[in-house]
Undergrad: 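Just dropping this structure here.
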Amino acid sequence: GDSVTQMEGPVTLSEEAFLTINCTYTATGYPSLFWYVQYPGEGLQLLLKATKADDKGSNKGFEATYRKETTSFHLEKGSVQVSDSAVYFCALRDSGAGSYQLTFGKGTKLSVIP
Amino acid sequence: DVKVTQSSRYLVKRTGEKVFLECVQDMDHENMFWYRQDPGLGLRLIYFSYDVKMKEKGDIPEGYSVSREKKERFSLILESASTNQTSMYLCASSTGGTGELFFGEGSRLTVL
């Protein structure tokens with residue numbers, strides 16, 4: 001079945017540091033890939049997505065490139081801020097007929113200190 | 001702005017009680033989902049629904065049931081709550097094409 005593996009946290013960075021959160025996946029078809037973010041006390045919200053190989057999703061300074069050859073979708077940001085402290089989830093939606101649901105990774109907690 | 005609203009942010013119930021968690025979306029989405037979120041386990045799908053009165057089991061349906069009588073409302077029911085159902089419950093909705101899920105703020109349930 002489908003699965004998503006992301007690096008375990010927690011991750012603690014200083015403000016303005018470079019961020020990478022690794023995500024790899026296993027899927028039977030041609031999935032769409034997503035990064036969701038959960039700020040403290042809130043639900044999840046979509047951060048970015050990519051629907052086919054070599055697509056790059058970007059939002060709020062975050063980027064991730066859909067790499068089919070390495071089955072990866074790593075999240076990066078060049079300079080993190082304290083306000084980026086949150087839990088980040090990688091997810092996929094397979095391309096099969098009737099694929100309504102997303103499969104999520106376990107989440108990576110990021111703490112950014114001033 | 002799109003909105004998924006969960007009826008209760010925090011609930012405390014006793015073992016054996018029947019628990020209803022309500023979720024309403026205002027986006028006319030066909031699909032609705034219930035997940036539970038636990039530390040170290042991420043999000044796990046309990047049930048989902050792709051149409052009114054339709055439901056499908058997710059990965060961990062045991063001990064739960066759902067109801068979808070209207071398109072905008074999806075209810076999660078714990079017939080007899082147990083302590084291992086203490087968790088954060090997240091409702092989400094989506095429309096068919098994009099796959100993007102819109103989440104509510106979550107309902108934190110404690111079963112004593």
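Remember, it's a predicted structure, so these values are computed and weren't measured experimentally. A note on names: the letters A, B, ... follow the listed sequences, proteins ahead of strands, and every chain is numbered from 1.
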Undergrad: Which atom pair, heavy atoms only, marks the closest approach of A:Gln45 to A:Glu42?
TA: NE2-OE1, 3.7 Å

Undergrad: Under a 3.5 Å threshold, yes or no: a donor from one side chain and an acceptor from the other, between B:Ser75 and B:Glu22?
TA: yes

Undergrad: Which residue in the set A:Lys77, A:Lys109, A:Lys60 passes salt bridge (charged side-chain N to carboxylate O under 4.0 Å, His left out) when paired with A:Asp84?
TA: A:Lys77

Undergrad: About how many Å separate CD of B:Gln25 and SG of B:Cys91, when rounded to the nearest 0.5 Å?
TA: 8.0 Å

Undergrad: Which of residues 33-43 of chain B get closer than 4.5 angstrom to chain A, counting heavy atoms alone?
TA: B:Phe33, B:Tyr35, B:Gln37, B:Gly40, B:Leu41, B:Gly42, B:Leu43

Undergrad: What part of A:Gln6 gets closer than 4.5 Å to chain B, counting heavy atoms only: side chain, backbone, both or neither?
TA: neither

Undergrad: Between B:Arg9 and chain A, which part of the residue has a heavy atom less than 4.5 Å away: side chain, backbone, both or neither?
TA: side chain

Undergrad: For the residue pair A:Tyr88 and A:Phe62, categorise the inter-ring angle as parallel (less than 30°), tilted (30 to 60°) or perpendicular (more than 60°).
TA: tilted

Undergrad: Sub-3.5 Å donor-acceptor pair from the side chain of B:Gln6 to the main-chain atoms of B:Gly106, do we have one?
TA: yes

Undergrad: Could you check whether atom CZ of B:Arg108 has more than 12 heavy atoms from other residues, nucleotides or ligands sitting under 6.0 Å from it?
TA: no

